[in-house]
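To start, the structure under review is shown below, and the notes come after it.
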Amino acid sequence: MMKRKITSFIPVVLVLGMLLLAACGTDGGTGNTDMHGNNGVNQQGIASGNSYINCPGSTNTTAASAESGTVTLTVSGWTSTPAEDALVQKNLQNFEASHPTIKVKWSPISGDYTTKMRANVASNSVPDVFYLQPSMSSAYISAGKLLNLSPYMAQDNVKASDYYAALSNPFVCNAGQVFGLPKDWNSLGVFYNTQMFKDAGLAAPTANWTWSDLQKDAKALTKNAGKSDATYGLILSADLSRFGPFLLANGGSILNKDGSQVIFNKQAGVDALNYYDSFFKNNTATLPTTVGATWNGDAFGKQKGAMTIEGGWLIPSLQSTYPEVKYDIAPLPRTASGKQANLTFTNAWAASSSTQHPEAAWELIKYMTGSTVQESQLNAGFALPTLKSLANAPYFATHPGFKTLFDAASYSYADYYGAQDSTIHTVLSNAIDAVILNKQNAQSALDDAAAKINNQLQSS
């Protein structure tokens with residue numbers, strides 16, 4: 001899915017005005033790296049192509065014909081929650097039922113997906129069809145590792161404009177050729193335990209609640225901090241993909257306008273990190289591992305915390321694992337000046353340029369990014385649709401909490417930062433962790449992170 005979950009979502013240098021969003025997670029762009037303006041997903045992306053991704057030296061320019069007889073496609077993605085995995089498999093089975101000459105061998109990859117896929121590419125054992133993360137797209141597209149979908153889209157009248165431009169652009173090279181179609185997206189919200197709020201005598205968060213309100217509520221909801229029976233106001237992770245909205249809302253940015261260096265260590269970033277860390281310093285928040293949980297959503301489900309910041313991927317997880325938890329979803333809080341920010345997450349379905357069954361691979365991609373599958377994901381509370389035609393789906397009218405995630409579009413930014421995205425996420429998340437664990441103060445941790453990332457940016 002299009003999320004970044006800390007157990008294991010477009011560009012700030014890519015096309016961050018991300019879609020209508022980011023995401024699920026997938027595990028994800030903007031027209032530039034200057035995030036001071038509102039590059040929300042309602043904005044259009046780079047219509048003529050993604051200027052940050054070079055097209056391959058050679059690629060297919062025509063659509064292959066359908067094969068005779070039965071073919072088998074090897075299909076991969078990453079493993080996720082049981083609920084999400086079951087939904088993916090159900091949709092793949094539905095595809096097989098409607099395409100009797102195409103069989104699907106679903107081979108999910110556990111662990112570090114991007115690293116294992118890189119090894120598959122090196123050994124020429126790439127699946128026919130697979131999940132493509134924004135962080136993978138630039139290298140895969142430029143190296144000619146992906147099937148050019150544009151001829152197939154033209155043949156079947158699947159228009160790029162059917163999808164939100166900013167979600168598609170991370171998978172488009174500078175000449176406008178499409179190498180992946182976004183399968184879904186998500187944003188972040190504050191999941192809160194309605195019974196805990198009621199027991200604490202607190203009103204539900206409003207659309208205009210503030211950073212200060214979040215601090216006050218977290219304090220009121222914290223019980224027996226540091227003890228075995230502790231309940232914390234907030235479950236937070238040492239993760240750029242959770243800290244990012246606070247940095248952006250505070251007027252900060254990860255990269256400068258041309259993406260040549262980071263600027264998150266300026267005062268806006270330092271102040272935002274000190275705010276994020278204030279929950280830990282005040283003992284009103286904890287890491288999920290501290291309370292015996294694997295990730296934020298698990299800790300929230302175990303009711304070790306009254307609030308957590310996650311995306312729509314948490315909904316099916318709660319339904320299947322913690323159905324007794326009563327919760328709702330609030331928007332991320334605003335700064336004292338009223339500014340608000342969020343992150344978007346997306347991933348695409350793509351095919352290997354070396355697949356022996358390109359037409360069948362396209363049929364699967366077309367189906368898995370089509371309205372039937374996307375609405376099934378929406379109705380499961382798993383992800384938001386990338387198709388414009390589903391913007392007014394009935395689900396939103398009956399699920400206002402999920403609509404809250406959808407409405408974040410207007411103030412969201414893609415959780416993707418160009419060619420060094422993986423380095424940026426890892427190094428900055430480690431810096432956040434160092435501050436939370438009292439190993440460094442915010443300024444020194446961010447300065448150290450900036451030096452490491454800038455070195456990578458300058459050498460790439």
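Every value quoted in this text rests on a predicted model; they were computed, and no experiment measured them.
- For the 3.5 Å distance criterion, the side chains of D85 and Q89 fail to qualify, holding no donor opposite an acceptor.
- Looking only at distances, no side-chain donor or acceptor of S444 sits under 3.5 Å from a matching main-chain atom of Q440.
- At a cut-off of 3.5 Å, with distance as the only test, no side-chain donor of N274 or K281 sits close to an acceptor on the other residue.
- The two residues T206 and P331 make their nearest non-hydrogen contact at O-CG, 4.1 Å.
- Atom CG of N392 is surrounded by 12 or fewer heavy atoms from other residues, nucleotides or ligands within 6.0 Å.
- A ring-centre distance under 6.0 Å is found for Y192 and F197.
- With rounding to the nearest 0.5 angstrom, the OG1 atom of T294 is 6.5 Å from the NZ atom of K302.
- A heavy-atom distance below 4.5 Å is found between the side chains of Q374 and T386.
- Applying the 6.0 Å contact sphere to NZ of K90 captures no more than 12 heavy atoms from other residues, nucleotides or ligands.
- In this structure a side-chain-to-backbone donor-acceptor pair under 3.5 Å is missing from S317 to W313.
- Relative ring orientation between Y131 and W106 is described as tilted, the plane-to-plane angle lying within the 30° to 60° band.
- Nearest approach of F130 to A351, heavy atoms of both residues: CE2-C, 4.0 Å.
- No donor-acceptor pair under 3.5 Å is formed between the side chain of Q340 and the backbone N or O of T335.
- With hydrogens and angles left out, the side-chain atoms of T210 and D213 include a donor and acceptor closer than 3.5 Å.
- With 3.5 Å as the limit, one finds no donor-acceptor pair spanning the side chains of S376 and N379.
- Salt bridge annotation for D448-K452: absent, with no cationic side-chain nitrogen under 4.0 angstrom from a carboxylate oxygen.
- Closest non-hydrogen pair, D328 versus G401, comes out as OD1-CA, 4.0 Å.
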| Between L314 and F191, does a side chain to side chain contact (heavy atoms under 4.5 Å, CB included) hold up when you go through it step by step? | CA-CA 9 Å; L314 179 53; F191 285 69; 3.7 Å; yes
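- For the atom pair L247 CG and L273 CG, the distance stands at 9.0 Å (nearest 0.5 Å).
- Taking the six-membered ring for Trp and the full ring otherwise, the centers of F246 and Y276 sit less than 6.0 Å from each other.
- Ring pair Y395/F402 is perpendicular by interplanar angle, where above 60° counts as perpendicular and below 30° as parallel.
- In this structure, F406 and W185 have tilted ring planes: the angle between them lies in the 30° to 60° band.
- For K116 and D112, the salt-bridge test fails: no basic side-chain N is under 4.0 Å from an acidic carboxylate O.
- One side chain, S241 or D415, offers a donor N or O that lies under 3.5 Å from an acceptor on the other.
- Other residues, nucleotides and ligands contribute over 12 non-hydrogen atoms within 6.0 Å of the NZ atom of K366.
- The distance from atom CD1 of I329 to atom OG1 of T194, rounded to the nearest 0.5 Å, is 11.5 Å.
- With rounding to the nearest 0.5 Å, the separation of NZ in K198 from NZ in K326 is 12.0 Å.
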| task | Evaluate the criterion side chain to side chain contact (heavy atoms under 4.5 Å, CB included) for residue pair M307 and N193; output intermediate values, then yes/no. | result | CA-CA 6 Å; M307 296 181 286; N193 187 304; over 6 Å; no
